[in-house]
Amino acid sequence: AQEPILVCVIARALIDLGRPGEVLRLLSGDCNIMGQEINIDSLRAVSLRLTGQVVAAKRVYEKIITAGISDASVYMGYARCLNILGLNDECLKALDRALDVSGSESGLLLEKAECLSLLGRKTEAVTCLNAASSAWTNPTSSLDGPSLVNSEFEETIDWANVETILKNNTLCRNERLNVMFALGHHLDAKERYREAMSLWSSANQEIRASYEFNAPKFITWMKHIPDVFSAQGLEVLTDQEPGPFRPIFIVGMPRTGTSLAEHILSSHSNVRGGGESLFISKLIEEAMSCFPSESYPEFLAKFDNDDFLAMRAKFFSFWGFGNLREQFVVDKLPGNFLHIGLMQKIFPEAIFIECVRDQDDTALSIFGHWFREGHPYAYDLREIYLVQDAYHEVMDSWRSMLDRKKIQMLKYEELVRSPISIIKKLLVECDLSFEENCLAPYKKLRAVENSNARRLEFPIDNSRVGRSHNYGFGSPSN
């Protein structure tokens with residue numbers, strides 16, 4: 001008899017690899033489930049649903065719910081079974097229970113809107129869709145179906161079965177979208193580009209239809225920020241105390257190599273990798289709360305030197321490093337490019353690294369990625385290109401205001417084709433001594449909490465340069 005916790009771990013791993021049939025065989029064997037009955041039942045319910053045994057899955061979900069378990073993913077899976085079986089009234093109740101547990105979560109609200117439509121309650125469905133639109137940036141509910149984490153590198157995924165699961169229509173919305181993006185990358189690796197793009201396009205179209213976003217208005221706001229700083233002036237702080245570290249801010253469009261740049265720098269013995277912190281945004285939000293009728297960045301005109309000094313001190317306090325030995329900390333959040341004016345003002349000692357990449361390769365990489373929150377332009381190719389163009393205008397504006405040496409440009413293609421020379425140059429620009437470790441960042445063991453984590457475990461290579469050519473990419477107006 002196998003240990004129950006080990007059984008659960010193996011079963012979950014098999015589901016994530018798209019092999020739910022093996023889970024059912026595992027759970028039908030001789031295993032001591034004492035103390036893990038609910039977890040075992042949950043894994044069995046998911047596996048039954050994924051293998052198309054919907055009635056059996058429904059019964060197991062009901063057993064779990066009767067046992068008093070209140071979990072959004074359980075109610076979500078149960079609701080999916082009820083939907084497939086045409087039990088829409090019961091499905092609606094299950095979705096409401098899931099929402100009670102998770103709050104206004106966009107994926108659940110969209111499932112509920114679909115259910116209301118099937119029940120002929122069109123007005124309520126529209127209200128639910130509107131609620132989903134305003135909640136779409138919330139983290140999506142956890143996936144019970146195949147997570148397919150690191151699917152580009154995992155050789156034991158049963159892709160044929162994953163395609164079968166997708167066709168069986170037993171996946172909840174978020175599960176289905178996740179599978180579509182992952183399967184698209186598998187097809188891309190197999191050079192089945194037309195099929196990959198078809199999946200990504202369908203997934204992106206569904207996501208983009210679920211929320212309201214005015215791209216021209218967003219772009220106007222982007223361009224407005226440096227204009228305001230230009231009018232206000234970018235004089236740096238005076239009388240500032242030295243911080244506990246020197247910030248290195250990495251910015252850029254998503255999917256331009258920002259994670260790789262951070263990983264290279266954090267491999268240096270004098271650099272601490274800070275990941276994608278939200279501390280700059282937090283500073284702005286807290287400051288804006290004092291001026292509820294003002295907008296960003298106009299409200300900063302009311303700040304004097306002491307106010308900016310207070311923001312500086314609060315930023316350093318956010319990190320809470322009690323035993324920091326390194327003299328540099330990398331703060332990598334691509335979207336911080338909008339706040340370079342503020343960051344330069346508060347941190348005159350800061351180093352700025354801008355990661356840039358071929359526009360078409362960037363657009364394809366964004367389009368083939370489910371961000372789950374943020375980046376509302378990312379699910380429509382035309383909007384991706386429009387925002388990219390606006391991004392470059394914003395960066396040109398910052399460069400015209402700042403000493404050009406303040407923003408170092410790191411070109412992805414140059415980095416992956418000539419890593420030794422480019423990394424050496426990067427270290428010089430960051431006032432860092434040369435260290436061999438930086439040439440092999442994949443050897444650095446550190447937690448990376450983003451979708452590029454697994455890719456960073458491999459040596460730098462140029463295999464992703466020019467990927468967009470396989471899809472005939474160019475300007476969307478062509």
Are [X] and [Y] side-chain neighbours, meaning at least one heavy-atom pair lies under 4.5 Å?
{"X": "C81", "Y": "R49", "result": "yes"}
{"X": "F218", "Y": "N214", "result": "no"}
{"X": "F181", "Y": "L199", "result": "no"}
{"X": "R272", "Y": "I248", "result": "no"}
{"X": "L381", "Y": "I384", "result": "yes"}
{"X": "I10", "Y": "L14", "result": "yes"}
{"X": "E212", "Y": "P376", "result": "no"}
{"X": "V330", "Y": "F249", "result": "no"}

Between [X] and [Y], what is the shortest heavy-atom contact and its length?
{"X": "Y412", "Y": "G257", "answer": "CD1-CA, 4.2 Å"}
{"X": "V23", "Y": "S47", "answer": "CG1-OG, 3.2 Å"}
{"X": "C91", "Y": "N83", "answer": "SG-CB, 3.9 Å"}
{"X": "D358", "Y": "S468", "answer": "OD2-OG, 4.1 Å"}
{"X": "G184", "Y": "A196", "answer": "O-CB, 3.3 Å"}
{"X": "I284", "Y": "F299", "answer": "O-CZ, 4.1 Å"}

Thinking salt bridges, do [X] and [Y] make one under a 4.0 Å N-O criterion?
{"X": "K332", "Y": "E276", "value": "yes"}
{"X": "R192", "Y": "D188", "value": "no"}
{"X": "R176", "Y": "E206", "value": "yes"}
{"X": "K63", "Y": "E37", "value": "no"}
{"X": "D361", "Y": "R255", "value": "no"}
{"X": "R208", "Y": "E383", "value": "yes"}

Assert yes or no for the condition that the ring centre distance of [X] to [Y] is strictly below 6.0 Å.
{"X": "W370", "Y": "Y379", "result": "no"}
{"X": "F279", "Y": "F318", "result": "yes"}
{"X": "Y442", "Y": "H263", "result": "no"}
{"X": "W200", "Y": "H369", "result": "no"}

Could you tell me if [Y] and [X] have a donor-acceptor pair between their side chains, going purely by distance under 3.5 Å?
{"X": "N39", "Y": "Q36", "answer": "yes"}
{"X": "R121", "Y": "N88", "answer": "no"}
{"X": "Y377", "Y": "Q388", "answer": "no"}
{"X": "E298", "Y": "S295", "answer": "yes"}
{"X": "N168", "Y": "T170", "answer": "no"}
{"X": "D16", "Y": "S147", "answer": "yes"}
{"X": "Y61", "Y": "D41", "answer": "no"}

*Apply side chain to side chain contact (heavy atoms under 4.5 Å, CB included) to the pair L171 and N178, showing each step before the final yes or no.*
CA-CA 10 Å; L171 297 169; N178 183 67; over 6 Å; no
*Would you check, one step at a time, whether the test ring pair (Phe, Tyr, Trp, His ring centres under 6.0 Å) holds for F337 with W398?*
CA-CA 9 Å; F337 76 89; W398 291 133; 8.9 Å; no
Please check if the side chain of [X] supplies one atom and the backbone of [Y] the other of a donor-acceptor pair under 3.5 Å.
{"X": "R19", "Y": "T156", "value": "yes"}
{"X": "N336", "Y": "H339", "value": "no"}
{"X": "S133", "Y": "L129", "value": "no"}
{"X": "N161", "Y": "G18", "value": "yes"}
{"X": "S198", "Y": "E195", "value": "no"}
{"X": "E90", "Y": "L82", "value": "no"}
{"X": "T258", "Y": "P254", "value": "no"}
{"X": "E105", "Y": "L108", "value": "yes"}
{"X": "N462", "Y": "V465", "value": "no"}
{"X": "T256", "Y": "G252", "value": "no"}

Rounded to the nearest 0.5 Å, what separates atom [atom1] in [X] from atom [atom2] in [Y]?
{"X": "R467", "Y": "T362", "atom1": "CZ", "atom2": "OG1", "result": "11.0 Å"}
{"X": "C115", "Y": "K93", "atom1": "SG", "atom2": "NZ", "result": "11.5 Å"}
{"X": "E294", "Y": "L300", "atom1": "CD", "atom2": "CG", "result": "10.0 Å"}
{"X": "L95", "Y": "Y75", "atom1": "CG", "atom2": "OH", "result": "12.0 Å"}
{"X": "N174", "Y": "S73", "atom1": "CG", "atom2": "OG", "result": "11.5 Å"}
{"X": "L17", "Y": "E155", "atom1": "CG", "atom2": "CD", "result": "11.5 Å"}

*Please step through side chain to side chain contact (heavy atoms under 4.5 Å, CB included) for the pair L24 and L48, ending with a clear verdict.*
CA-CA 8 Å; L24 295 177; L48 287 167; 3.9 Å; yes
*Working for side chain to side chain contact (heavy atoms under 4.5 Å, CB included), residues M288 and E285*: CA-CA 5 Å; M288 283 187 69; E285 289 171 5; 5.8 Å; no
*Within 45° cone of Y78 ring axis and under 6.0 Å: R80 NZ or CZ*: no
_Quick one, V179 with L148, criterion side chain to side chain contact (heavy atoms under 4.5 Å, CB included). Give me CA distance, side-chain angles, the key distance, then yes/no._
CA-CA 7 Å; V179 167; L148 306 176; 4.2 Å; yes
_Does the plane of the ring in F315 sit parallel, tilted or perpendicular to the ring in W319? Use 30° and 60° as the thresholds._
perpendicular
